[in-house]
Amino acid sequence: MKNNFVAILDFGSSKVTCMAASRLSDNGEFIIKAVGQANYSGFDDSGFFEPNMLATAIGHAISQVEVKMKCDVKELYIGVPGAFCALTTSEASSTYHSRKKIEQDDIDELVKKADIYKGGDDFVPLTGKPVYFILDGAIKTYNPVGAIANKLTALVSFSFMKRSFRNAIAPILMDKGINKVYYLNACEAQAGYLSNANLRDGYSIIIDIGYITTNVMLCGGKGLLFQKTFALGSGYFASDLSLVIGCDFDFAMSTLDKINLNLEVKAGDAYQIGGRVIDASQANAVVKERIGQIANYIIKSFQMCDKEIPSNTPVIVTGGGLAYLRGGVDCLAQHLGKRVQLHASVNPQTNRNEYTSSYGLIYEAICTNKNKGGFFSFLGKIGKGDK
């Protein structure tokens with residue numbers, strides 16, 4: 001990209017975020033140069049809640065980055081939220097006349113062979129990514145280039161974007177003069193980034209709990225095997241508290257800063273917020289009940305997954321929903337009956353859980369930008385905003 005940076009646009013539950021970042025290394029490391037944000041009303045799987053305000057929010061987020069970078073953003077990687085994406089997998093094999101050294105062209109051809117989906121009237125194809133490979137029907141690998149084999153099999157993950165999402169976003173970006181637009185499955189990008197950051201070569205479960213939506217993902221090797229989005233997040237904690245203890249929403253949000261679910265509260269214990277005292281036992285019980293419901297939705301989501309998930313698969317929680325609620329992740333783990341870890345980064349620039357989706361988009365954009373001209377880059381350009 002001109003000016004040696006990539007720019008991404010991420011649609012969260014309550015904010016639109018634009019980031020500009022520069023590549024530090026070939027393995028996807030980056031440094032964030034500028035951040036722009038704008039509040040908005042969010043979305044569900046049927047569309048944006050206030051579409052007439054979308055252009056203002058997008059424009060404001062991008063303009064902040066342009067001011068900080070002292071140049072216009074002309075090329076943009078758009079994160080398509082899970083609510084506007086679909087995902088499926090397909091397997092394909094190639095058998096060779098004799099044992100041969102596997103090259104990148106062989107992988108590209110295998111991905112093309114696995115691509116049996118067209119998307120239909122409602123969806124636009126995004127990417128096709130190999131999850132893992134099998135050499136000679138026996139040896140599993142994540143990078144077969146250089147290996148010698150008679151037969152190569154690949155499990156490939158394909159992402160699709162709802163046309164309605166592109167139809168809502170593309171005109172806004174074109175009006176701003178941004179003609180080079182690349183749409184990425186935000187869940188896929190986030191899962192790839194987190195799995196890479198946690199040094200996972202096998203399976204991993206990613207749970208992103210946001211303000212009004214939660215994304216659950218199964219990552220296997222280098223690709224996404226399953227994703228599901230449901231409309232439930234941390235914003236419901238404050239709504240529940242406001243109803244039960246009889247307060248306004250802003251006060252309920254302040255209460256969440258005080259709540260500690262790890263405390264063994266008893267009758268008479270209280271939280272004091274702004275001179276007001278509320279029953280600690282009651283407040284904790286309300287939040288724990290909602291976390292239990294989120295856990296049940298997560299379990300039901302994975303019951304829809306047709307992939308076998310190993311029992312020792314690590315569970316990584318991210319998003320702003322539980323990351324800053326003391327005891328929230330522990331409570332979720334109890335309801336799930338599994339050990340759960342909160343994503344953490346040694347890099348202070350990427351140690352904010354509410355932005356891991358944005359970090360994933362940057363990571364994917366840098367990798368895509370580095371490899372432009374190849375088959376995977378071509379797939380990522382399908383459905384560009386300037387078409």
Novice: What I'd like to find out is whether the side chain of Leu325 reaches to under 4.5 Å of the side chain of Ser234, using heavy atoms alone.
Specialist: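 Side chain of Leu325 against side chain of Ser234, heavy atoms only: no contact under 4.5 Å found.
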Novice: Which salt bridge (Lys or Arg N to Asp or Glu O under 4.0 Å) pairs, counting each pair once, include a residue from residues 278-300, with sequence neighbours left out?
Specialist: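 Of all non-adjacent pairs touching residues 278-300, those that pass salt bridge (Lys or Arg N to Asp or Glu O under 4.0 Å) are Asp240-Arg290.
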Novice: In Å, rounded to the nearest 0.5 Å, how long is the span from OH of Tyr183 to CG of Leu126?
Specialist: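 Going from OH on Tyr183 over to CG on Leu126, the span is 10.0 Å.
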Novice: Is it the case that atom NZ in Lys100 sees more than 12 heavy atoms from other parts of the structure closer than 6.0 Å?
Specialist: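 Above 12, so yes.
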Novice: Looking at Thr356 and Asn353, would you say the former's side chain and the latter's main chain have a donor-acceptor pair under 3.5 Å?
Specialist: yes
Novice: Looking at Thr255, Asn284, Asn260, which hits side-chain hydrogen bond (donor to acceptor under 3.5 Å, both in side chains) with Tyr271?
Specialist: Asn284
Novice: Taking C-beta and beyond as the side chain, do Met161 and Phe123 meet within less than 4.5 Å on heavy atoms?
Specialist: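 Met161 vs Phe123: side chains apart.
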Novice: Which pair of non-hydrogen atoms, one from Val65 and one from Gly36, has the smallest distance, and what is that distance?
Specialist: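 So the two residues come closest at CG2-N, 3.5 Å.
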Novice: Are the side chain of Lys113 and the backbone N or O of Ser93 linked by a donor-acceptor pair below 3.5 Å?
Specialist: yes
Novice: Using a 3.5 Å distance criterion without hydrogens, assess whether the side chain of Ser90 forms a donor-acceptor pair with backbone atoms of Ala114.
Specialist: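 Confirmed, Ser90 side chain pairs with Ala114 backbone.
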Novice: Any donor-acceptor pair under 3.5 Å linking the side-chain atoms of Gln190 with those of Tyr363?
Specialist: no
Novice: Following the transitive rule for hydrophobic clusters with a side-chain heavy-atom cut-off under 4.5 Å over Ile, Leu, Val, Met, Phe, Trp and Tyr, establish whether Met19 and Ile31 coincide in one cluster.
Specialist: no
Novice: Less than 4.5 Å apart, any side-chain heavy atom of Lys176 and any of Asp72?
Specialist: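 Not in contact.
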Novice: What pair of heavy atoms forms the shortest contact from Asn150 to Ser98, and how long is it?
Specialist: ND2-C, 3.2 Å
Novice: Given the rule in the side-chain contact (heavy atoms from CB on, under 4.5 Å) test, do Ser358 and Ile8 qualify, once you have shown the distances and angles that lead to the verdict?
Specialist: CA-CA 7 Å; Ser358 296; Ile8 64 94; 4.0 Å; yes
Novice: Is there a donor in the side chain of Asn4 and an acceptor in the side chain of Ser22, or the other way round, less than 3.5 Å apart?
Specialist: no
Novice: What closest approach, in Å, do Asp257 and Arg326 show between heavy atoms, and which atom pair accounts for it?
Specialist: O-NH2, 2.7 Å
Novice: Run the salt bridge (Lys or Arg N to Asp or Glu O under 4.0 Å) check on Asp121 and Arg163 step by step: do they pass?
Specialist: CA-CA 8 Å; Asp121 295 334; Arg163 293 183 186 273; over 6 Å; no
Novice: For the ring pair Tyr132 and Tyr142, is the centre-to-centre distance below 6.0 Å?
Specialist: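 For Tyr132 and Tyr142, the ring centres are not under 6.0 Å apart.
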Novice: Testing the basics here: between Leu224 and Ser157, what is the closest heavy-atom pair and its distance to 0.1 Å?
Specialist: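 Distance-wise, the nearest heavy atoms are O-OG, 2.6 Å.
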Novice: Return the minimal non-hydrogen interatomic distance between Ala186 and Ser357, and the atom names on each side.
Specialist: CB-OG, 4.0 Å
Novice: Looking only at atom types and distance, does a side-chain atom of Lys68 sit under 3.5 Å from a main-chain N or O of Ser63, one as donor and one as acceptor?
Specialist: no
Novice: Once rounded to the nearest 0.5 Å, what's the spacing between atom CG of Asp10 and atom CG of Leu184?
Specialist: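 Spacing of CG (Asp10) from CG (Leu184) equals 10.5 Å.
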Novice: Can you see whether Lys228 engages Thr214 through a side-chain donor-acceptor pair at a distance of less than 3.5 angstrom?
Specialist: no
Novice: Taking atom CZ of Phe230 as the centre, does the number of heavy atoms from other residues, nucleotides or ligands within less than 6.0 Å exceed 12?
Specialist: yes
Novice: Check the pair Glu354, Tyr324 against side-chain hydrogen bond (donor to acceptor under 3.5 Å, both in side chains), reporting the backbone distance first and the verdict last.
Specialist: CA-CA 10 Å; Glu354 66 268 39; Tyr324 307 109; 2.5 Å; yes
Novice: Of all heavy-atom pairs between Cys187 and Gly82, which one has the smallest distance, and what is that distance?
Specialist: SG-CA, 3.8 Å
Novice: May I ask you to test the Ser204-Pro314 pair for a side-chain heavy-atom distance under 4.5 Å?
Specialist: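 Contact flag for Ser204/Pro314 side chains = yes.
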Novice: Could you check whether Thr127 and Glu188, counting side-chain N and O atoms only, form a donor-acceptor pair closer than 3.5 Å?
Specialist: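 Per modelled atom types, Glu188 and Thr127 side chains form a pair under 3.5 Å.
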Novice: Is the number of heavy atoms from other residues, nucleotides or ligands within 6.0 Å of NZ (Lys258) greater than 12?
Specialist: no
Novice: For Asp330 and Gln334, does a side-chain donor sit closer than 3.5 Å to a side-chain acceptor?
Specialist: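 Checked: Asp330/Gln334 side chains show no N/O donor-acceptor pair below 3.5 Å.
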Novice: Can you tell if the side chain of Val156 reaches within under 4.5 Å of the side chain of Asp115, non-hydrogen atoms only?
Specialist: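 Side chain of Val156 against side chain of Asp115, heavy atoms only: no contact under 4.5 Å found.
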Novice: Per the ring-ring contact (aromatic ring centres under 6.0 Å, His included) rule, which among Phe165, Phe43, Tyr211 passes with Phe11?
Specialist: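 Single pass found, and it is Phe165.
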Novice: Under a plain distance cut-off of 3.5 Å, with no hydrogens placed, do Asn185 and Ser159 share a side-chain donor-acceptor pair?
Specialist: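 Yes, a side-chain donor-acceptor pair sits under 3.5 Å.
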Novice: Are Leu263 and Ile245 linked, directly or through other ILVMFWY residues, by side chains that come within less than 4.5 angstrom of each other?
Specialist: yes
Novice: Tell me, with the steps shown, if Ile362 and Tyr193 meet side-chain contact (heavy atoms from CB on, under 4.5 Å).
Specialist: CA-CA 9 Å; Ile362 293 173; Tyr193 169 74; over 6 Å; no
Novice: When you compare the side chain of Phe133 with that of Ile107, does any pair of heavy atoms fall below 4.5 Å?
Specialist: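 A side-chain contact exists here, since the closest heavy-atom pair is under 4.5 Å.
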Novice: Is the distance between the ring centroids of Phe84 and Phe48 less than 6.0 Å?
Specialist: yes
Novice: Just verifying a value: how many Å separate Ile316 CD1 and Ile206 CD1, rounded to the nearest 0.5 Å?
Specialist: 4.0 Å
Novice: Look only at the side chain of Tyr359 and the backbone of Gln349, and say whether a donor-acceptor pair between them is shorter than 3.5 Å.
Specialist: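 Judged by distance alone, yes, a pair lies under 3.5 Å.
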Novice: Taking the ring of Phe49 and the ring of Tyr40, is the distance between their centroids below 6.0 Å?
Specialist: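 Centroid distance Tyr40-Phe49: not below 6.0 Å, so no.
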Novice: Are the side chains of Val317 and Gln341 in touch, meaning some heavy atoms are under 4.5 Å apart?
Specialist: no
Novice: Could you walk me through whether Leu135 and Thr141 pass the side-chain contact (heavy atoms from CB on, under 4.5 Å) check?
Specialist: CA-CA 8 Å; Leu135 298 170; Thr141 181; 4.1 Å; yes
Novice: Got a sec: does the NZ of Lys151 have more than 12 other heavy atoms crowding it under 6.0 Å?
Specialist: no
Novice: Determine, step by step, whether Ile205 and Met217 satisfy the side-chain contact (heavy atoms from CB on, under 4.5 Å) criterion, reporting the C-alpha distance in whole Å, the side-chain angles of both residues, the deciding distance to 0.1 Å, and the verdict.
Specialist: CA-CA 6 Å; Ile205 291 172; Met217 296 150 267; over 6 Å; no
Novice: Between Glu29 and Asn347, do the side chains contain a donor N or O and an acceptor N or O under 3.5 Å apart?
Specialist: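 There is no such pair (donor and acceptor under 3.5 Å, judged by atom type) between the side chains of Asn347 and Glu29.
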Novice: Determine whether Lys129 and Glu364 satisfy the following criterion, salt bridge (Lys or Arg N to Asp or Glu O under 4.0 Å), listing intermediate values before the conclusion.
Specialist: CA-CA 12 Å; Lys129 286 190 174 183; Glu364 185 72 15; 2.3 Å; yes
Novice: So does Ile209 get a backbone contact from the side chain of Thr213, meaning a donor-acceptor N/O pair under 3.5 Å?
Specialist: no
Novice: Quick check: are there more than 12 heavy atoms from other residues, nucleotides or ligands sitting under 6.0 Å from NZ of Lys162?
Specialist: yes
Novice: Decide side-chain hydrogen bond (donor to acceptor under 3.5 Å, both in side chains) for Ser94 and Glu109; before the verdict, give the C-alpha distance in whole Å, the side-chain angles of both, and the deciding distance to 0.1 Å.
Specialist: CA-CA 9 Å; Ser94 292; Glu109 187 61 35; over 6 Å; no
Novice: Given the rule in the side-chain hydrogen bond (donor to acceptor under 3.5 Å, both in side chains) test, do Asn215 and Gln227 qualify, once you have shown the distances and angles that lead to the verdict?
Specialist: CA-CA 7 Å; Asn215 295 308; Gln227 72 176 75; over 6 Å; no
Novice: Measuring only between side-chain heavy atoms, which start at C-beta, is Asp106 closer than 4.5 Å to Tyr96?
Specialist: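 Heavy-atom side-chain distance check passes, below 4.5 Å.
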Novice: Would you say Thr313's side chain and Tyr203's backbone share a donor-acceptor pair under 3.5 angstrom?
Specialist: no
